[in-house]
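Reminder, nothing fancy here: chain letters follow the sequence lines and each chain counts from 1.
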Amino acid sequence: MNIDLTLREAIQQQLQNLFGKQAEQLQIQPTNPEFEGSHTLVCFSLTKISGKNPEDTAKLIGEALVQQNSIVAGFNVVKGFLNLILKDNAWLQVLQQLASKTHYGQLPKNGKEIMIEYSSPNTNKPLHLGHLRNNFLGWSVAEIYKANGYKVHKVQIINDRGIHICKSMAAWKLYGNGETPKTSGIKGDHLVGKYYVVFDKQHKTEMQALISKGLTEEEAQKQTPIMREAIDMLRKWEYRDPDTLQLWKTMNSWVYAGFDETYKKMGVDFDKLYYESNTFLLGKEQVITGLEKGVFFKKEDGSVWVDLTSDGLDQKVLLRSDGTSVYMTQDIGTAILRFHDFPNIEGQVYTVGNEQEYHFKVLFLILQKLGYAWAKQCYHLSYGMVDLPTGKMKSREGTVVDADDLIAEMVAEAKTQTLELGKTDELSQEEAEQLFQMIGLGALKFFLLKVDPKKRMLFDPNESIQLQGFTGPFIQYTHARIQAILRKANQLGIEINTTKIGEVTQLEPIEKTLIFVLSNFENKLAEAAKDYSPAIIANYVYEVAKTYNQFYQTISIFQETDPAKLQLRIGLSKLVAHVIKKSMHILGIQVPERM
RNA sequence: GGUCCGAUAGCUCAACUGGAUAGAGCAGCUGCCUUCUAAGCAGCAGGUUCGGGGUUCGAGUCCCUGUCGGAUCACCA
């Protein structure tokens with residue numbers, strides 16, 4: 001029984017009986033806890049069809065529902081709000097129905113396909129805190145869509161080409177002395193990142209030297225020996241110079257090995273990878289075709305542009321005067337290639353920071369102008385920056401929080417606190433290590449995902465490391481607690497039988513609240529998909545855990561003598577554990593049996 | 001300067017998309033472990049929702065205006 005639907009139908013029927021007319025829309029909301037009831041009908045807008053004031057309207061509807069309907073037991077009216085009290089029996093039916101579903105929270109396949117892009121790093125430095133928010137978000141949104149019945153393709157575009165990687169290459173060539181991840185013992189992405197920093201330092205000192213010789217800053221910027229080396233490498237790369245290509249491949253492979261390790265630690269994965277080095281040429285072709293079709297235009301110097309002034313935007317360059325491609329060129333190519341590879345996808349979601357909103361607005365417009373109908377189904381999942389208490393993260397100033405370091409710190413903190421609480425007594429060494437990982441990573445992911453993606457957020461290391469309150473570990477703990485109960489039930493030989501639950505005659509208020517919260521799960525999943533927001537799931541699962549802990553604390557399960565009630569409470573616990581596990585999975589967080 | 005986003009308790013965030021007396025966590029203060037896990041629960045305290053107008057039965061939410069963050073407007077990615 002869908003309680004919401006049943007209620008709506010009943011109300012519409014009574015409106016018909018009472019006033020000879022149904023409402024276009026019924027506004028039903030959860031009842032404010034200070035009043036009795038669970039569902040509240042807001043009656044202000046119904047005065048139009050009742051011709052009476054809100055209070056009288058509410059009263060009439062309430063009386064009619066109690067008289068004629070099977071699920072409403074009572075009501076009260078406050079101003080224009082009709083608070084409905086449902087029969088215990090209705091709650092029991094809801095619970096029985098939810099408990100009998102084997103895949104509650106997994107909607108049936110809807111035949112739709114969607115592509116979600118996230119991560120998409122540059123290959124010249126390791127991943128940092130900003131990437132963590134990006135990866136967790138993208139991965140979780142993919143899971144949200146899966147739970148809603150979509151077939152999902154998780155992809156990323158790897159920016160493996162361009163001046164940024166040439167900078168690391170140049171620095172390594174000049175100052176690396178053949179150092180490799182093996183000889184140095186440094187993780188590949190960190191090693192390449194190290195030479196990016198070397199480049200920057202060297203470039204700055206060389207610039208000073210040039211400026212003191214009388215060059216302007218702008219001139220010096222482009223003429224330092226190390227910058228010349230990098231630019232030369234980029235040119236050689238474009239011309240397929242074998243040595244340059246070899247170095248490029250080698251250093252990128254170091255980075256990929258490093259990334260793979262980090263992704264694995266993060267619990268993030270992809271179905272397909274796209275490389276900029278493979279897509280930028282396709283983008284070029286598209287631009288040339290567009291030029292021939294008259295969608296774009298060429299300036300005297302040979303550069304190709306798109307004019308978006310009629311759309312309220314500016315002109316945008318698509319090919320430089322020397323014929324080389326820009327960021328936009330490559331993104332055009334990538335988008336088209338993806339729809340070619342996966343013809344059934346109905347849209348693409350780009351998980352990219354909000355500083356690129358303008359870029360994506362332009363990209364989608366260009367794709368539309370090129371005549372791709374699917375361009376309207378492209379969505380920029382734009383998320384806010386992660387700030388530190390010290391301010392903005394800047395890689396050049398060294399105020400970056402490294403992803404590997406942060407994960408290690410979180411796990412270490414989880415270990416310290418877990419050992420302090422003496423929670424590892426029953427666990428083997430290996431189980432304990434797994435638990436620390438689960439808790440540390442769970443705390444981190446939950447911390448980053450509980451905030452509305454669109455909003456800029458503050459990452460306070462002290463707060464993120466907390467394991468009490470509105471945190472991942474709090475929810476993991478609740479799950480472990482329930483598992484202890486289920487183990488005990490198992491020992492006592494109690495098996496859950498949903499028909500037995502139906503014999504219960506009276507429910508505690510907290511039990512009704514819990515059933516109500518649980519019955520909202522699939523609505524929340526739909527809402528989260530619509531808004532591309534794991535935060536909705538995070539807030540929801542917190543509410544579930546909190547409500548369960550209230551239940552747990554007020555009711556002693558195994559002291560119950562009525563076998564039907566015992567069944568109900570264990571069944572309810574089991575369902576809560578299921579919803580927690582599924583929700584947390586959607587957030588990319590594992591959940592322990594003990595902690 | 002143009003465009004876009006944001007501002008809610010000391011701090012970090014919510015608020016069912018216009019509903020009732022704006023809710024949580026952290027920090028502070030009180031209680032509760034001989035019972036199924038106290039990483040928990042119950043309670044106290046904490047608010048002019050940035051200021052000012054407007055729209056209506058009703059505004060943190062919508063409109064106008066001002067103030068203060070921020071992002072973006074590159075032949076960078």
Side-chain angles (χ1 to χ4, degrees), chain A residues 27-35 40 42 44-45 47 53-54 78-81 83 120 122 124 159 161-164 276 299 301-305 312-314 316-328 330-331 353-359 361-362 382 384-385 387 389 392 414 417-418 420-421 423 439 443 447 450-452 454-460 462-464 466-471 473-478 480-489 520 523-524 527 531 535-536 539 542-543 545-546 549-550 552-559 569-570 573 594-595:
Chain A
Q27 199 184 346
I28 297 177
Q29 60 192 37
T31 302
N32 198 315
E34 68 192 290
F35 303 113
T40 293
V42 185
F44 296 98
S45 60
T47 55
N53 70 42
V78 183
K79 296 185 200 167
F81 297 93
N83 302 323
S120 303
N122 288 343
N124 64 334
N159 302 300
R161 177 201 78 91
I163 191 71
H164 56 85
E276 185 188 334
K299 288 193 176 173
D301 61 4
S303 56
V304 178
W305 295 71
L313 304 174
D314 295 323
K316 190 91 189 168
V317 68
L318 299 177
L319 283 181
R320 295 191 188 95
S321 51
D322 64 3
T324 56
S325 64
V326 292
Y327 181 40
M328 188 63 77
Q330 159 232 315
D331 268 7
N354 63 6
E355 69 273 14
Q356 293 194 36
E357 266 166 20
Y358 185 76
H359 173 79
K361 208 186 261 181
V362 172
S382 159
M385 209 175 296
D387 281 323
K392 201 173 154 175
Q417 294 203 33
T418 306
E420 241 169 56
L421 290 168
K423 297 272 190 178
I439 296 172
F447 187 86
K450 72 179 177 184
V451 180
D452 182 348
K454 291 193 288 280
K455 287 195 180 169
R456 189 189 181 108
M457 71 176 289
L458 184 83
F459 184 86
D460 184 338
N462 297 325
E463 202 185 325
S464 69
Q466 239 154 19
L467 311 181
Q468 286 99 18
F470 187 9
T471 65
F474 166 78
I475 294 156
Q476 291 172 320
Y477 174 72
T478 308
R481 247 184 172 178
I482 297 173
Q483 292 311 315
I485 286 177
L486 297 180
R487 279 193 296 272
K488 183 163 178 181
N520 274 330
N523 290 336
K524 292 287 177 183
E527 202 185 322
D531 290 354
I536 288 172
N539 280 282
Y542 175 64
E543 191 191 357
K546 197 159 170 57
N549 279 318
Q550 284 168 16
Y552 179 91
Q553 214 84 208
T554 44
I555 287 170
S556 178
I557 293 174
F558 290 105
Q559 274 174 21
R569 287 170 185 172
I570 294 169
S573 300
R594 298 168 209 269
M595 78 181 266

> NA contact type, Val42(A), heavy-atom cut-off 4.0 Å: base, sugar-phosphate, or nothing?
Replying inline: base
> Touch check for Asp452(A), heavy atoms < 4.0 angstrom, all strands: base, sugar-phosphate only, or nothing?
Replying inline: sugar-phosphate
>> Over all strands shown, is Leu318(A) touching base, sugar-phosphate only, or nothing at heavy-atom distances under 4.0 angstrom?
In response: nothing
> So what does Gln417(A) touch, heavy atoms closer than 4.0 Å: a base, only the sugar-phosphate, or nothing?
Replying inline: nothing
>> Restricting to salt bridge (Lys or Arg N to Asp or Glu O under 4.0 Å), what partner residues turn up for Arg594(A), sequence neighbours left out?
In response: Glu426(A)
> With sequence neighbours left out, what residues match Phe447(A) under side chain to side chain contact (heavy atoms under 4.5 Å, CB included)?
Replying inline: Lys450(A), Met457(A), Phe459(A), Glu463(A), Ser464(A)
> Under 4.0 Å between a side-chain N or O of Lys455(A) and OP1 or OP2 of A7(B)?
Replying inline: yes
> What is the nucleic acid contact for Asp531(A), judged by heavy atoms within less than 4.0 Å: base, sugar-phosphate only, or nothing?
Replying inline: base
> Looking at residues at least two apart in the chain, or sitting in another chain, which of them share a side chain to side chain donor-acceptor pair (under 3.5 Å) with Asp322(A)?
Replying inline: Thr324(A)
> OP1 or OP2 of C13(B) sitting under 4.0 Å from any side-chain N/O of Arg456(A)?
Replying inline: no
>> List the residues meeting side chain to side chain contact (heavy atoms under 4.5 Å, CB included) with Tyr552(A), not counting sequence neighbours, and say none if there are none.
In response: Arg481(A), Ile485(A), Tyr548(A)
> Do Thr418(A) and A39(B) have a side chain to base donor-acceptor pair shorter than 3.5 Å?
Replying inline: yes
> Can you name the ring-ring contact (aromatic ring centres under 6.0 Å, His included) partners of Phe474(A), sequence neighbours left out?
Replying inline: Tyr542(A)
> Which part of the nucleic acid, if any, lies within reach of Phe474(A) when heavy atoms closer than 4.0 Å are counted: base, sugar-phosphate only, or nothing?
Replying inline: sugar-phosphate
>> Any base atoms under 4.0 Å from Tyr327(A), or only sugar-phosphate, or nothing? Heavy atoms, all strands.
In response: base
>> Applying side chain to side chain contact (heavy atoms under 4.5 Å, CB included), can you list everything that pairs with Asn159(A), at least two apart in sequence or on another chain?
In response: Asn122(A), Ile157(A), His164(A), Glu276(A), Gln330(A)
> What residues form a ring-ring contact (aromatic ring centres under 6.0 Å, His included) with Tyr327(A), not counting sequence neighbours?
Replying inline: His359(A)
>> side-chain contact (heavy atoms from CB on, under 4.5 Å), that's the test. Do Asn549(A) and Lys546(A) meet it? Break it down for me.
In response: CA-CA 5 Å; Asn549(A) 279 318; Lys546(A) 197 159 170 57; 5.9 Å; no
> Counting any heavy atom closer than 4.0 Å, what does Ile555(A) reach on the DNA or RNA strands: base, sugar-phosphate only, or nothing?
Replying inline: base
>> What does the B/S/- profile of nucleotides 20-26 of chain B look like, 5' to 3', with a 4.0 Å heavy-atom cutoff to protein?
In response: BB--SSS
> When all nucleic acid strands are considered with a 4.0 Å heavy-atom cut-off, which category describes Asp314(A): base, sugar-phosphate, or nothing?
Replying inline: sugar-phosphate
> Under 4.0 angstrom, heavy atoms only, what part of the nucleic acid is Gln559(A) near: base, sugar-phosphate, or nothing?
Replying inline: base
> Which glycosidic conformation, syn or anti, is assigned to C63(B) if syn requires a torsion within 90° of zero?
Replying inline: anti
Got a list of protein N/O to nucleotides 58-63 of chain B N/O distances below 3.5 Å?
none

>> Wobble G-U and Watson-Crick pairs count when both distances are under 3.5 Å; given that, what is the 5' to 3' dot-bracket string of RNA chain B, with | for pairing to other strands?
In response: ((((.((..((((.....[...)))).(((((.......))))).....(((((..]....))))))).))))....
> Looking across every strand, which nucleic acid part, if any, lies under 4.0 Å from Leu458(A) by heavy atom: base, sugar-phosphate, or nothing?
Replying inline: sugar-phosphate
>> I'd like to check the side chain to side chain donor-acceptor pair (under 3.5 Å) partners of Thr471(A); sequence neighbours left out, ordered by chain and number.
In response: none
>> Under the rule for side chain to side chain contact (heavy atoms under 4.5 Å, CB included), what residues qualify as partners of Lys423(A), not counting sequence neighbours?
In response: Thr418(A), Leu421(A), Tyr477(A)
